[in-house]
2 protein chains.
Amino acid sequence: MENRVREYREQAGWSQGELARRLSVSRQTVNAVETDKYDPSLPLALRMAALFGLEVRELFIDHWTPETEG
Amino acid sequence: MENRVREYREQAGWSQGELARRLSVSRQTVNAVETDKYDPSLPLALRMAALFGLEVRELFIDHWTPETEG
DNA sequence: GACCCATGTAAAGAGCTCTTGACAGGCACG
DNA sequence: CGTGCCTGTCAAGAGCTCTTTACATGGGTC
């Protein structure tokens with residue numbers, strides 16, 4: 001799952017630690033999301049999007065297509 | 001975390017099983033989300049919102065305020 | 001009653017999300 | 001060199017997400 005967290009964090013001029021503080025999560029969590037170790041939980045993704053003034057789908061891009069059959 | 005999945009699913013006229021099929025998850029997963037057993041993962045939340053033509057924040061409402069103190 | 005569909009729930013298990021604590025390398029500064 | 005900040009990573013552990021299988025209930029229909 002593609003994400004633009006680093007891009008918007010740097011635009012805001014924040015370090016990973018500073019962003020983590022604003023989201024009330026650990027620095028490792030921010031780092032893991034930025035380095036694609038795993039996707040954030042839904043509540044964390046919502047907070048991130050809110051913090052950057054974005055829609056969740058603008059910050060996290062899911063490449064998925066429904067089963068065309070059914 | 002508040003969510004309006006049931007509301008929009010019924011508006012669409014789908015059963016839990018039908019929605020699950022369209023999302024490629026199990027019926028139990030849809031049921032668990034609707035009955036607040038747990039929040040869906042971020043990719044699943046994005047697919048749900050896309051399927052209903054909504055923003056994620058319209059389907060899942062997070063009541064959270066940043067630590068006002070820093 | 002027998003059948004089908006929709007919903008709710010449970011239990012076991014695999015894999016994911018997040019935590020704390022720790023260690024490393026890079027860059028800037030005095 | 002020593003200090004401080006930023007980033008990347010690892011490991012152990014707690015708790016969450018989702019799966020499959022299964023069972024129970026209620027509604028509608030024949």
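Below, read A as the first sequence line, B as the second, and so on, with proteins coming before strands; counting in each chain starts at 1.
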Under the rule for salt bridge (charged side-chain N to carboxylate O under 4.0 Å, His left out), what residues qualify as partners of B:R9, not counting sequence neighbours? B:E34

Could you walk me through whether B:I61 and B:N3 satisfy the side chain to side chain contact (heavy atoms under 4.5 Å, CB included) test, starting with their C-alpha distance in whole Å, then the side-chain angles of each, then the deciding distance to 0.1 Å, before giving a yes or no? CA-CA 6 Å; B:I61 296 90; B:N3 83 75; over 6 Å; no

Contact under 4.0 Å: B:R6 side-chain N or O vs C:dG8 OP1/OP2: yes

Side-chain N or O of A:Q16 versus OP1/OP2 of D:dC5: is the shortest distance under 4.0 Å? no

Are any of B:R21's side-chain N or O atoms less than 4.0 Å away from OP1 or OP2 of C:dA6? no

Would you say B:R4 and B:F52 make side-chain contact, with heavy atoms under 4.5 Å? no

Between B:L19 (CG) and C:dA6 (P), how many Å, whole number? 13 Å

Can a donor-acceptor pair be found, under 3.5 Å and without considering hydrogens, that links the side chain of A:T35 to the backbone of A:N31? yes

The contact string for nucleotides 9-20 of chain D, one letter per nucleotide 5' to 3', using protein heavy atoms under 4.0 Å with B, S and - for base, sugar-phosphate only and none, comes out as BB------SBBB

4.5 Å side-chain heavy-atom contact, A:L42 and B:P40: yes

Given side chains that start at C-beta, do those of A:M1 and A:H63 come closer than 4.5 Å, heavy atoms only? no

The helix from C:dG1-D:dC30 to C:dG30-D:dC1: angle between terminal helix axes, five bp per end, to the nearest 10 degrees, reads 30°

I want to check something: taking the side chain as every heavy atom from C-beta on, are B:R57 and A:V56 in contact at a cut-off of under 4.5 Å? no

Can you check whether B:F60 reaches A:P43 side chain to side chain, under 4.5 Å on heavy atoms? no

